[in-house]
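For reference, the structure discussed in these notes is given below.
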Amino acid sequence: MKYATQILLILWVFLHPIFLTAQTVNTGMLYVSEQTTFSTVSDFSNEPSASFYNDGRSNFYGDIYNQSKFDFYQNTGTIRLVGNKLQRLKGDFLAINNLYLDNITPEIAFSLEAEMNIYNQAYFQLGVLENRESEAQINFLNEAIARNASHSSHVDGTVFKFGKEDFIFPIGHKSYYRPASLRQLPIENIVESTYFFEDAGDLYDRQKKEGLINRISHTEYWEVKIYNPAEAVLSLSYDNSTTPSYILNHINQGEAVHIVRWNERLNAWVDLGGMVDIDAKTVSTTIDKAGIYTLALMKFNEINPCDIVVYNAVTPNQDGFNDYLKIINDNPGCAKNLKVQIFNRWGVKVFETDTYGLAGHVFDGYSTGRLTVREGSKLPSGTYFYVLEYQYNENQIHKKMGYIHLSST
């Protein structure tokens with residue numbers, strides 16, 4: 001069957017010729033069927049009168065200049081960009097089921113100059129794809145994912161994600177892969193993210209900051225835009241090659257490093273809290289709006305205003321000890337409006353209240369609120385993480401994050 005489809009392709013090309021000169025030119029309808037391989041070692045031009053549909057495996061070793069329809073029928077096709085020199089993708093819109101990047105060219109291997117939709121998966125094997133200068137969009141549609149991004153292969157520029165699925169943005173700048181991830185979007189959305197290996201202080205004064213912030217990163221920042229404002233969990237990565245040593249050293253010592261955002265209304269950096277994951281090399285917090293984000297070292301002697309204490313064990317067995325998550329607020333005049341969110345190990349929100357400790361609003365091992373899991377269900381034993389947000393000094397907001405262990409047996 002494989003050979004039959006290959007013969008069919010050859011006949012189709014014969015009837016609708018592709019001229020193999022210094023450039024491969026398609027002037028008709030070229031369809032690459034399932035289990036069929038099509039390759040062109042020269043630049044490929046899809047003429048205005050032509051169309052190209054790929055349901056098989058198509059290998060391009062040169063540029064792609066699309067002037068018409070570049071699409072697919074079935075969810076079976078893969079476009080492979082392979083080479084040893086810069087490959088330009090230009091012209092009209094490119095619709096791709098699976099994309100595979102494998103180009104040994106150092107620095108920039110692919111120049112994206114046309115809008116591209118990824119419907120399934122993008123494999124970042126080798127080669128940096130750059131769209132920072134052209135501002136051409138690369139869109140990951142609903143359920144599309146990026147795999148294997150690294151310093152050797154990522155997007156140098158902006159990536160768009162459609163839908164509400166958890167997503168790791170395969171972004172970086174120059175030869176540095178510096179991902180951001182967004183989890184637990186409650187509604188269908190469009191999110192875009194860009195990484196900058198630059199000092200945010202050139203545009204956003206690092207000396208203008210809330211009192212709890214000590215030192216803000218002077219080497220890198222991320223821009224995250226959420227088109228339909230909604231609360232989600234943002235994780236920013238840190239790396240020895242780009243993150244300042246004064247932040248890395250304190251992370252390794254278990255001291256407080258948070259995510260901060262530039263607040264345009266206040267014209268200052270504000271603290272959003274943060275929870276460090278040493279294994280994943282990330283700092284995470286909840287966000288609810290677009291903004292400029294980066295990492296910051298906090299002032300240790302002021303990190304817990306109002307001296308709030310959160311116990312890290314919940315054992316709801318009705319023995320009178322740790323039957324619910326205890327949050328000790330000995331100075332209610334200092335800390336007000338305690339908001340608590342609890343997430344499981346996969347980042348799914350399982351508990352939420354804006355009035356913790358009032359009218360029985362406590363976490364006792366059962367889900368509640370607007371959740372992915374069924375409301376009121378008993379949660380399994382395991383490690384969870386919490387986000388505590390409260391108001392102090394009249395109008396200042398503080399976020400505290402950490403882990404708790406639930407033993408439901």
Side-chain angles (χ1 to χ4, degrees), residues 1-85 87-104 109-127 129 136-148 153 162-163 170:
M1 186 65 184
K2 176 180 179 181
Y3 299 107
T5 50
Q6 289 177 331
I7 293 171
L8 177 62
L9 176 62
I10 293 170
L11 291 174
W12 187 262
V13 171
F14 179 78
L15 295 173
H16 301 267
I18 298 175
F19 301 99
L20 298 175
T21 58
Q23 186 180 54
T24 301
V25 180
N26 178 32
T27 61
M29 196 289 196
L30 173 57
Y31 173 57
V32 183
S33 61
E34 296 179 48
Q35 300 181 349
T36 299
T37 298
F38 165 77
S39 299
T40 172
V41 296
S42 56
D43 296 342
F44 177 79
S45 179
N46 202 37
E47 295 294 285
S49 60
S51 57
F52 173 80
Y53 290 87
N54 178 64
D55 287 341
R57 173 169 167 168
S58 292
N59 304 313
F60 295 90
Y61 292 83
D63 297 348
I64 296 177
Y65 183 24
N66 179 47
Q67 304 173 74
S68 184
K69 192 74 172 178
F70 193 105
D71 209 336
F72 61 92
Y73 291 118
Q74 308 297 328
N75 297 325
T76 57
T78 297
I79 297 292
R80 298 179 75 251
L81 303 179
V82 185
N84 55 13
K85 63 179 181 178
Q87 293 177 270
R88 298 175 63 192
L89 313 175
K90 54 186 179 177
D92 293 338
F93 179 83
L94 303 170
I96 298 176
N97 180 43
N98 293 307
L99 176 66
Y100 187 93
L101 302 178
D102 190 5
N103 187 313
I104 65 174
F110 311 97
S111 175
L112 183 63
E113 301 166 29
E115 185 172 356
M116 175 190 295
N117 274 3
I118 305 296
Y119 287 80
N120 192 8
Q121 300 184 67
Y123 296 85
F124 290 84
Q125 181 66 24
L126 188 61
L129 186 150
Q137 285 189 205
I138 178 169
N139 306 312
F140 285 77
L141 301 191
N142 290 50
E143 301 183 4
I145 59 176
R147 293 191 180 277
N148 205 40
S153 189
F162 289 69

For [X], check salt bridge (charged side-chain N to carboxylate O under 4.0 Å, His left out) against everything at least two apart and list the hits.
X      : answer
Lys85  : none
Asp63  : none
Glu115 : none

query: Which residues satisfy the side-chain hydrogen bond (donor to acceptor under 3.5 Å, both in side chains) test with Glu113, sequence neighbours excluded?
result: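 By the side-chain hydrogen bond (donor to acceptor under 3.5 Å, both in side chains) rule, Glu113 matches Arg88, Ser111.
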task: Rounded to the nearest 0.5 Å, what's the gap from CZ on Phe140 to CG on Asn120? Could you check?
output: 10.5 Å
Full working for side chain to side chain contact (heavy atoms under 4.5 Å, CB included) between Asn54 and Phe70: CA-CA 8 Å; Asn54 178 64; Phe70 193 105; over 6 Å; no
- prompt: Of all residues at least two apart in sequence or in a different chain, which pass the side chain to side chain contact (heavy atoms under 4.5 Å, CB included) check with Tyr65?
  reply: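 So Tyr65 forms a side chain to side chain contact (heavy atoms under 4.5 Å, CB included) with Ser45, Gln67, Lys90.
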- prompt: Would you call the rings of Phe72 and Tyr119 parallel, tilted or perpendicular, where under 30° means parallel and over 60° means perpendicular?
  reply: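 If you compare the ring of Phe72 with that of Tyr119, the planes turn out perpendicular.
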- prompt: Using the ring of each side chain (for Trp, its six-membered ring), is Phe60 parallel, tilted or perpendicular to Phe44, with breaks at 30° and 60°?
  reply: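 Rings of Phe60 and Phe44: perpendicular, as their planes differ by over 60°.
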message: Could you tell me if the side chain of Tyr31 sits less than 4.5 Å from the side chain of Asp55, heavy atoms only?
response: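 Of all side-chain heavy-atom pairs linking Tyr31 with Asp55, at least one is under 4.5 Å.
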- prompt: Of the non-hydrogen atoms in Glu47 and Thr27, which two are nearest, and what is the gap between them?
  reply: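 Shortest heavy-atom separation between Glu47 and Thr27 comes out as CG-CG2, 4.0 Å.
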Heavy-atom closest contact (Ser51 atom, Met29 atom, distance):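 Closest pair (atom of Ser51, atom of Met29, distance): OG-CG, 3.2 Å.
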message: Going by the rule ring-ring contact (aromatic ring centres under 6.0 Å, His included), which residues pair with Phe162 if we only count those two or more places apart in sequence or in a different chain?
response: none
